[in-house]
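Every chain is numbered from 1 and lettered A, B, ... according to where its sequence line falls, protein lines coming before strand lines.
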There are 2 protein chains.
Amino acid sequence: MLLDDSIGFLINRTGRRVSQLFALRLSPTGVTTEQWSVLARLCEEDGISQKDLAHRVGKDQTNVTRILDQLERKELIVRRVNPEDRRSYLPSVTDSGRRAYEEIAPIEENVIRLISEGIPPEQLAALKELLSRIADNASSHLNDDRPE
Amino acid sequence: MLLDDSIGFLINRTGRRVSQLFALRLSPTGVTTEQWSVLARLCEEDGISQKDLAHRVGKDQTNVTRILDQLERKELIVRRVNPEDRRSYLPSVTDSGRRAYEEIAPIEENVIRLISEGIPPEQLAALKELLSRIADNASSHLNDDRPE
DNA sequence: ATAATTTAGTTGCTATAACAACTACTTTTC
DNA sequence: GAAAAGTAGTTGTTATAGCAACTAAATTAT
């Protein structure tokens with residue numbers, strides 16, 4: 001089978017391109033694409049633990065730790081201790097973080113518009129479905145392989 | 001717009017999962033998923049420059065340099081000087097590299113089978129089309145933005 | 001109630017991504 | 001044909017991905 005027929009390869013190559021374009025448009029804001037995903041998720045659901053946050057963005061917990069470090073350094077979030085459980089933090093978006101969110105959201109929507117050019121909405125919806133399906137398939141086999 | 005509705009986010013999240021599963025299955029071989037993509041491409045078209053290779057795998061030239069470093073360290077490829085142009089190399093797969101390719105190809109096909117479970121072939125084909133379209137859209141806007 | 005286990009988060013490590021700046025070699029220009 | 005411009009590859013740097021091992025706190029078991 002040729003590389004160009006491998007869905008895995010195609011997904012990742014496309015993802016890199018999209019991120020590259022998005023990163024270019026984000027560069028004036030000083031926020032990276034992955035920092036954006038974490039910040040956006042936090043804006044959507046504030047007051048969740050880092051572990052839950054990691055789950056919501058589909059990232060490893062260690063990566064979320066480091067992305068939060070960056071966001072905290074930029075004062076876009078703060079880590080509040082969880083009064084219920086002193087092992088955990090409840091990261092929370094600062095006012096400055098909210099403003100960054102408001103600034104970036106339209107940039108992202110524009111990038112999405114650009115990369116979706118010429119693709120009808122039904123097909124886009126179908127694409128999202130398929131990607132979710134593939135992610136789920138991969139997850140379930142990941143669990144098979146490591147029966148901790 | 002919610003993060004879960006962002007195609008960019010969905011593509012990258014799915015790509016990470018797929019790579020994670022593939023990496024797990026590749027771990028006994030000592031080759032990473034990205035090293036695989038470069039090795040596979042080289043097996044498909046031997047005797048191309050690093051620049052062309054980078055283009056074919058959709059990676060930055062600097063990343064290909066470093067991935068080739070890894071593959072060379074593992075003796076899966078060698079860099080031959082290009083007699084036509086002494087600035088460039090023509091990376092070439094070794095016998096050992098070919099054997100690795102033969103070993104890994106079925107592993108990859110199996111991973112693709114797993115992640116495609118329950119998706120009819122026409123839909124998979126449509127998915128590939130859409131991903132290519134999106135990658136092309138992103139590329140064309142990348143060029144717009146940096147008119148060097 | 002204390003020891004054993006589990007869990008949230010972090011740190012260490014290696015690989016990859018991408019930009020900028022650099023070296024060495026080619027091609028163009030005049 | 002020598003200087004100028006361009007090109008192939010590398011190196012430096014910062015950010016992310018993910019595994020393993022660690023710390024500290026919570027939960028469970030006895």
Side-chain angles (χ1 to χ4, degrees), chain A residues 9 12-27 30-38 48-55 57-74 79-91 138 142 145-146 148, chain B residues 9 12-27 30-38 48-55 57-74 79-91 138 142 145-146 148:
Chain A
F9 174 71
N12 279 295
R13 188 182 60 180
T14 303
R16 279 195 300 270
R17 291 274 170 83
V18 171
S19 293
Q20 209 177 348
L21 176 61
F22 189 24
L24 190 60
R25 300 298 177 91
L26 277 190
S27 58
V31 172
T32 68
T33 60
E34 302 309 325
Q35 286 164 23
W36 160 252
S37 68
V38 170
I48 60 177
S49 71
Q50 295 188 191
K51 182 188 170 159
D52 286 348
L53 179 56
H55 209 255
V57 291
K59 288 181 188 299
D60 191 285
Q61 217 180 307
T62 63
N63 298 327
V64 170
T65 288
R66 279 158 195 161
I67 290 173
L68 288 175
D69 288 345
Q70 304 281 345
L71 291 173
E72 197 163 35
R73 193 172 311 158
K74 292 170 188 167
R79 279 187 245 231
R80 299 186 194 290
V81 263
N82 182 353
E84 318 266 291
D85 183 341
R86 291 193 312 173
R87 284 171 308 180
S88 80
Y89 294 105
L90 304 178
L142 269 169
D145 283 18
R146 24 165 121 250
E148 299 117 275
Chain B
F9 173 72
N12 278 296
R13 189 181 60 179
T14 304
R16 278 195 301 271
R17 291 274 170 83
V18 171
S19 293
Q20 207 177 352
L21 176 60
F22 189 25
L24 190 61
R25 299 300 176 93
L26 277 190
S27 58
V31 172
T32 69
T33 61
E34 303 307 326
Q35 287 164 23
W36 161 251
S37 69
V38 170
I48 59 177
S49 71
Q50 293 188 193
K51 182 188 170 161
D52 286 348
L53 179 57
H55 209 257
V57 291
K59 288 180 187 298
D60 191 285
Q61 217 180 305
T62 63
N63 297 328
V64 170
T65 288
R66 279 159 193 159
I67 291 173
L68 287 175
D69 288 346
Q70 304 281 346
L71 291 173
E72 198 163 33
R73 193 172 311 156
K74 292 170 189 170
R79 279 188 246 232
R80 302 184 192 290
V81 263
N82 182 352
E84 319 265 291
D85 184 341
R86 290 193 312 172
R87 283 172 308 183
S88 79
Y89 293 105
L90 304 178
L142 269 170
D145 282 17
R146 24 163 122 247
E148 294 119 279

Rounded off to whole Å, could you give me the [atom1]-to-[atom2] distance for the [X] and [N] pair?
X: B:R16; N: C:dT16; atom1: CZ; atom2: P; answer: 17 Å
X: B:E84; N: D:dA8; atom1: CD; atom2: C1'; answer: 15 Å
X: B:W36; N: C:dT16; atom1: CH2; atom2: C1'; answer: 18 Å
X: B:Q20; N: C:dA15; atom1: CD; atom2: C1'; answer: 15 Å
X: A:D60; N: C:dC13; atom1: CG; atom2: C1'; answer: 13 Å
X: B:N63; N: C:dT16; atom1: CG; atom2: P; answer: 9 Å
X: B:L68; N: C:dA17; atom1: CG; atom2: C1'; answer: 15 Å
X: A:H55; N: C:dT7; atom1: NE2; atom2: P; answer: 14 Å

Inset, instruction - Pick base, sugar-phosphate or nothing for A:S19, based on heavy-atom distances below 4.0 Å to the nucleic acid. - result: nothing
Legend entry - Touch class at under 4.0 angstrom, heavy-atom based, for B:R79 against every strand present: sugar-phosphate
Closest contact, heavy atoms only, [X] versus [Y]:
X: A:V38; Y: A:V57; answer: CA-CG1, 4.3 Å
X: A:N12; Y: B:S19; answer: ND2-OG, 3.1 Å
X: B:Q50; Y: B:V64; answer: O-CG1, 4.2 Å

Inset, instruction - Taking atom types as modelled, find out whether A:N82 and A:S49 have a side-chain donor-acceptor pair closer than 3.5 angstrom. - result: no
Inset, instruction - Let me see the working for B:S37 and B:K59 under side-chain contact (heavy atoms from CB on, under 4.5 Å), right down to the final yes or no. - result: CA-CA 10 Å; B:S37 69; B:K59 288 180 187 298; 3.6 Å; yes
Inset, instruction - Specify the residue among A:K74 and A:D85 whose closest nucleotide of DNA chain D lies further upstream toward the 5′ end. - result: A:K74
Phosphate oxygens OP1/OP2 of [N]: is one of them under 4.0 Å from a side-chain N or O of [X]?
X: B:K59; N: C:dA17; result: yes
X: A:S49; N: C:dA8; result: no
X: B:Q61; N: C:dA18; result: no
X: A:R73; N: D:dT14; result: no
X: A:T62; N: C:dG9; result: no
X: A:T32; N: D:dA15; result: no
X: A:R87; N: D:dC22; result: no
X: B:S88; N: C:dC25; result: no

Inset, instruction - Kindly check if the number of other-residue, nucleotide or ligand heavy atoms within 6.0 Å of NZ (B:K51) is above 12? - result: no
Inset, instruction - Report the nucleotide, chosen from D:dT16, D:dT10, C:dA17, that has the shortest atom-to-atom distance to any side-chain atom of A:Q35. - result: D:dT16
Inset, instruction - Would you kindly compare A:V64 and B:R86 by the position of their nearest DNA chain C nucleotide and give the one closer to the 5′ end? - result: A:V64
Inset, instruction - Could you tell me whether the side chain of A:R66 has a donor or acceptor atom within less than 3.5 Å of a complementary atom in the base of C:dG12? - result: yes
